[in-house]
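Chain A is the first sequence line, chain B the second, and so forth, proteins listed ahead of strands; every chain is numbered from 1. The figures here come from the full heavy-atom set of this structure, side chains too, leaving out hydrogens, waters and symmetry mates.
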Amino acid sequence: MSVVVRFAPSPTGVLHIGSVRTALFNWLFARHHGGKFLLRIEDTDRLRSTAENARSILEILNWLELDWDGEPVVQSSRIERHKEVANELVRSGKAFYCTCSPEELAVKKEAAIKAGKSHKYDGKCREQVVRPFENAVIRLRAETCGVTILDDLVQERVSTENAQLDDLVLLRSDETPTYMLSVVVDDHDMGVTHVLRGDDHLTNTFRQIQIYKACGWDIPQFGHIPLIYGPDGAKLSKRHGAASAQDYMQLGYLPEAIFNYLLRLGWSHGDSEIISRSEAVEWFDITGVGKSPARFDMAKLQNLNAHYMKMKDDQAIFECMSPFLETEESITDSQKNDILRGMKSLKGRSRTLVDLAESAKIYISAPKVFDDACSKYATNEHLSLLQDFVNIVEAADNLQESSMLEATKILASERSVKLVEIAQAVRGALCGKLASPSVFEIIEIIGKSETIARVRSFIKKYSTI
RNA sequence: GUCUCCUUCGUCUAGGGGUCUAGGACACCGCCCUUUCACGGCGGCAACACGGGUUCAAAUCCCGUAGGAGAUGCCA
């Protein structure tokens, strides 16, 4: 089977995460079948389309490594072709000029709604095939009887009475093509064999099939993918915290996690949850996509993200994390080296790159603020323990994690306290909070003088209170 | 309003007439591990929207009802 699919975003805003999933499914379908994945920028809405939006769409596709074949097609460059097709349809009697004004139609529509009737176009200009002097649109002469059947790859057999369809506008009065026309013409000219898109287009498809038929073109296969909703069941939007791919990028998610999460949203392969790119390409099948809409679950995304962070090697995860480090100056090689040494523990307890960057700060500088909970480990007793601890560190000729742990255990037993009392106090002093990797690992990495400095500063801070 | 579609644990889903006292994952709860928080291990809670059919047998097929979504633009 020869396969040509396309992803056709409009650069009128940021890329919605649902569109990213549509792109992903198209890419997987193409790669699975050894076909082509084309890209088309639908910028015919000149007012709202921007080059910046187009650029950021490409950036997201690159980020997710959804590589496309050939150069992207820019829809606005094809307007002459769209006009040509519309005019040809008039010549062949499949379309006609309509001079009804938008105002006139609005009045009719309102009256029809009031009367509780269907408010489709009434066909007033149907016999007008000669071009009137001005302000005419071109409408398709739609079928008025029979049934249009769509054997959708996802939704299966869907049909509608042609009487429901109306004479849609193909070319506007300013001679620009409508979406309905341009999408059909472009898909045909690009040789698209399978149209995989959001199911908000499902009912549009019946109209588009009519255009294909009027043109005498082969009709591609369609697959309508359910939309993604927010946790409350309404369409996912900014209101839910994050809706665009850029949002998730900024929240510190790895492309691998987004890829895996989006793939499993509405599609499955038995009990597989962690699915690699190559497995996805091998297993993906459009007919396996579910028909019902899915809700976006941030917790599951976080879980996957944590998994992929753990899997990634330390150097690579450091590169991913560094944009999230909010440091005034760029970090030194020695700081970078410390973070790398502690990375295994750091990444194992982070869910996002933002978390990771936050926790990595312990290797950049002494804590600037201390969580309130730290004061629980800053009693006179604790400060005294910390002083003893400083003495041990000073005297130690070996700061290895295991030996410091042993030395501290001895101190605990000498002072008749539990190890946790000392460890937590030290943690507070070193990190400013009570959750971190092993304090003894941190000590080994930051070294003797930094450890002593941080603990002394902690003692000083809390003794004066 | 009209048309089209959707409906299995809180969420994502497996399931395609008997193997379902409905499986997995996330979340949640408990236990273990443990210097904290996590990780990890073990265990637990939790669903076939409702009502009718068809059938020896229905989560699976059919019809209604309810709820939800989309379309109904000279937007895409």
Side-chain angles (χ1 to χ4, degrees), chain A residues 8-10 12 42-45 47-49 75 98 100-102 105-106 109 112-120 135-139 150 152 155-156 158-161 163-166 168-174 176-180 182-183 198-207 224 226-227 229 231 233-235 261 264-274 290-304 306 310 345 347-351 355 359 373 377 405 408-409 412 418-428 431 433-440:
Chain A
S10 319
T12 52
E42 303 212 325
D43 62 341
T44 48
D45 184 339
L47 259 78
R48 294 190 299 148
S49 298
Q75 192 162 57
C98 170
C100 298
S101 71
L105 294 172
K109 182 173 168 179
I113 290 172
K114 264 188 188 149
K117 289 182 196 159
S118 151
H119 52 262
K120 61 179 229 177
N135 285 344
V137 301
I138 292 180
R139 283 184 186 272
L150 166 62
D152 194 273
Q155 308 290 340
E156 302 185 282
V158 182
S159 64
T160 196
E161 299 280 333
Q164 293 296 331
L165 274 22
D166 65 357
L168 65 267
V169 173
L170 299 173
L171 204 67
R172 302 186 189 104
S173 53
D174 65 357
T176 59
T178 60
Y179 164 74
M180 291 291 178
S182 44
V183 74
D199 77 358
D200 47 338
H201 286 295
L202 184 63
T203 49
N204 284 334
T205 305
F206 296 117
R207 298 164 218 282
H224 287 92
L227 267 19
Y229 298 153
K235 205 168 170 180
Y261 180 71
R264 273 290 285 107
L265 200 58
W267 178 86
S268 62
H269 182 80
D271 286 341
S272 303
E273 294 290 344
I274 304 293
K291 300 163 82 164
S292 55
R295 298 185 186 204
F296 199 93
D297 182 8
M298 197 72 90
K300 187 147 184 172
L301 207 210
Q302 286 184 345
N303 176 271
L304 280 170
K310 259 178 284 184
S345 306
K347 70 184 182 185
R349 65 195 67 224
S350 305
R351 296 171 87 74
D355 292 347
S359 62
Y377 293 96
L405 172 60
T408 310
K409 276 183 176 168
K418 286 184 176 169
L419 179 61
V420 63
E421 297 298 324
I422 304 176
Q424 284 296 71
V426 173
R427 192 185 315 279
C431 308
K433 51 194 173 190
L434 299 182
S436 79
S438 157
V439 289
F440 303 107

[N] and [M]: how far apart are their [atom1] atoms, nearest whole angstrom?
N	M	atom1	answer
B:U13	B:A22	C1'	13 Å
B:U11	B:G16	C1'	23 Å
B:G52	B:C74	P	46 Å
B:A58	B:C20	C1'	11 Å
B:A38	B:G30	P	12 Å
B:G1	B:C61	C1'	32 Å
B:G41	B:C48	C1'	32 Å
B:A14	B:U60	P	15 Å

Review point. How does protein reach along nucleotides 27-38 of chain B, written 5' to 3' as B (base within reach of a heavy atom under 4.0 Å), S (only sugar-phosphate), or - (no contact)?
Key: S-------BBBB
Can you name the atoms? Protein N/O to nucleotides 47-49 of chain B N/O, anything below 3.5 Å, with the distance.
none

Check your understanding: When you measure from the side chain of A:H201, which nucleotide among B:U11, B:A76, B:C6 comes out closest?
Key -> B:A76
Exercise for review: From the options B:U13, B:U4, B:C6, select the nucleotide whose nearest atom is closest to the side chain of A:V158.
Suggested key: B:U4
**Study point:** Residue-phosphate contact under 4.0 Å: A:R172 side-chain N/O, B:A76 OP1/OP2
**Key:** yes
Point to revise | Phosphate OP1/OP2 of B:U72 contacted by A:T203 side-chain N/O (<4.0 Å) | key: no
Mind checking who [N] pairs with, Watson-Crick or G-U wobble, both distances under 3.5 Å?
N	result
B:G40	B:C32
B:C50	B:G64
B:C75	none

**Study point:** Heavy-atom check, side chain of A:D166 versus side chain of A:R207, under 4.5 Å
**Key:** yes
For nucleotides 58-69 of chain B, which of its nitrogen or oxygen atoms have a protein nitrogen or oxygen under 3.5 Å away, and what is each distance?
residue	atom	partner	partner atom	Å
B:A69	O2'	A:Y229	OH	2.3

Spacing of [X] atom [atom1] relative to [N] atom [atom2], expressed in whole Å:
X	N	atom1	atom2	answer
A:M298	B:U11	CE	P	17 Å
A:W267	B:A14	CH2	C1'	13 Å
A:D271	B:A22	CG	P	16 Å
A:M180	B:A71	CE	P	10 Å
A:D200	B:G73	CG	C1'	15 Å
A:L168	B:U72	CG	C1'	12 Å
A:E156	B:G16	CD	P	15 Å
A:K109	B:U72	NZ	C1'	7 Å

Study note, to complete from the structure: Nearest-nucleotide check on RNA chain B, A:A136 vs A:S292; residue mapping nearer the 5' end is A:S292
Practice item. Using the test side chain to side chain contact (heavy atoms under 4.5 Å, CB included), find all partners of A:S359 that sit at least two apart in sequence or belong to another chain. Key: A:L346, A:S350, A:L356
Study note, to complete from the structure: Hits for side chain to side chain donor-acceptor pair (under 3.5 Å) against A:D297, two or more places apart or cross-chain, chain-then-number order -> none
Review point. Can you name the side chain to side chain donor-acceptor pair (under 3.5 Å) partners of A:R139, sequence neighbours left out?
Key: none
Revision key, fill the gap. Given the 90°-from-0 boundary between syn and anti, B:C39 should be labelled syn
